[in-house]
Amino acid sequence: MVKMYAVEGNHMGRRERARKSSAERTRMRRRRKQNKSSIICIALVVLTLTGVMSVQIVSVYCENQSYQTQVEELQTQRDFEKQRGKELKEYEKYVNTNEYIEQIAKTKLGLVYSNEIIFKEKEAEED
């Protein structure tokens, strides 16, 4: 009888080990499924963030191009205004000269110096 118990005990040990290894395999399958699910979720989150960031990068790039164009236009306008300012300063210097004052007095006011002789064209007579 001792042998019988030993055989049964030995046989019971195999069943016990088979159950334990089966339970272990089941746990491992569950873990793999959970790991796959976690990896898929993480991949989706990363892809979503990559997509959002790509859209943002493109919109910022377009906005930057717009600003670059605006900067170039403003620089051109600034250069034009600087040149115009120089011309106005030159004109201001000319306006303060006696030559300009004499020119305006003669053309607009019809004034002349006392020692000047004025020649006027005769108007052609109409028939």
Side-chain angles (χ1 to χ4, degrees):
M1 265 203 143
V2 174
K3 283 188 172 184
M4 223 184 202
Y5 285 119
V7 170
E8 280 183 31
N10 193 10
H11 185 64
M12 291 294 275
R14 286 183 187 165
R15 282 187 185 170
E16 220 22 72
R17 280 183 278 180
R19 282 186 202 141
K20 284 183 182 179
S21 67
S22 176
E24 185 66 28
R25 275 188 250 131
T26 305
R27 271 190 242 119
M28 290 299 283
R29 284 186 199 128
R30 285 183 189 153
R31 282 185 188 165
R32 283 187 205 135
K33 284 183 181 178
Q34 286 177 346
N35 286 344
K36 285 181 183 178
S37 298
S38 298
I39 290 172
I40 289 172
C41 287
I42 290 171
L44 287 175
V45 168
V46 168
L47 287 174
T48 303
L49 288 174
T50 303
V52 169
M53 293 303 291
S54 297
V55 169
Q56 289 296 322
I57 287 171
V58 168
S59 68
V60 167
Y61 180 78
C62 290
E63 193 173 338
N64 186 36
Q65 291 298 322
S66 170
Y67 288 144
Q68 289 295 335
T69 304
Q70 188 177 6
V71 164
E72 290 172 3
E73 289 173 1
L74 290 173
Q75 286 175 343
T76 303
Q77 185 178 358
R78 182 192 68 193
D79 293 342
F80 176 77
E81 292 299 328
K82 279 184 177 180
Q83 182 63 33
R84 187 169 173 251
K86 287 179 184 178
E87 290 172 2
L88 286 174
K89 283 185 181 182
E90 291 293 322
Y91 186 70
E92 181 183 11
K93 287 179 185 176
Y94 173 68
V95 167
N96 289 328
T97 62
N98 285 336
E99 181 184 335
Y100 176 76
I101 294 170
E102 288 175 10
Q103 180 188 2
I104 295 297
K106 287 180 181 179
T107 56
K108 294 196 177 186
L109 301 175
L111 299 176
V112 291
Y113 285 110
S114 59
N115 60 354
E116 281 185 321
I117 300 172
I118 299 177
F119 295 99
K120 290 187 180 181
E121 281 188 40
K122 224 182 195 186
E123 292 182 19
E125 292 182 20
E126 294 182 28
D127 290 325

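When a residue number appears, it is its place in the shown sequence, counting from 1.
Not counting sequence neighbours, the partners of Tyr100 by the ring-ring contact (aromatic ring centres under 6.0 Å, His included) test are Tyr94.
No more than 12 heavy atoms of other residues, nucleotides or ligands sit less than 6.0 Å from atom CZ of Arg30. For Asn96, the CG atom is densely surrounded, since the number of other residues' heavy atoms within 6.0 Å is greater than 12. The number of heavy atoms from other shown groups lying within 6.0 Å of CD (Glu24) is above 12.
Taking CZ of Arg29 as the reference point, atom CD of Gln34 lies at 14.5 Å (rounded to 0.5 Å). For the atom pair CE (Met28) and CZ (Arg31), the distance works out to 6.5 Å, reported to the nearest 0.5 Å. Distance check: Leu49 CG to Leu44 CG gives 11.0 Å after rounding to the nearest 0.5 Å. Distance CD/Gln75 to NZ/Lys82: 10.0 Å, rounded to 0.5 Å. The OG1 atom of Thr50 sits 9.5 Å away from atom CD1 of Ile57, with the distance rounded to the nearest 0.5 Å. Note that CG of Leu47 is 11.5 Å distant from CD1 of Ile40, once rounded to the nearest 0.5 Å.
For the pair Glu102 and Glu99, the minimum side-chain heavy-atom distance is 4.5 Å or more.
No hydrogens or angles considered: a donor-acceptor pair under 3.5 Å links the side chains of Tyr67 and Glu63.
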CA sep, side-chain torsions, deciding dist, call: Arg78, Glu81, salt bridge (charged side-chain N to carboxylate O under 4.0 Å, His left out): CA-CA 5 Å; Arg78 182 192 68 193; Glu81 292 299 328; over 6 Å; no
Verdict with reasoning, Val45 to Cys41, per side-chain contact (heavy atoms from CB on, under 4.5 Å): CA-CA 6 Å; Val45 168; Cys41 287; 5.6 Å; no
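Formation of a donor-acceptor pair under 3.5 Å by the Ser66 side chain with backbone atoms of Cys62 is not found in this model.
Between Ile101 and Val95, the shortest heavy-atom contact is CG1-O, 4.2 Å. In terms of heavy atoms, Val112 sits closest to Glu116 at CB-OE1, 3.4 Å.
Comment: Lys89 does not engage Glu92 in a salt bridge, judged by the lack of any side-chain N to carboxylate O separation of less than 4.0 angstrom.
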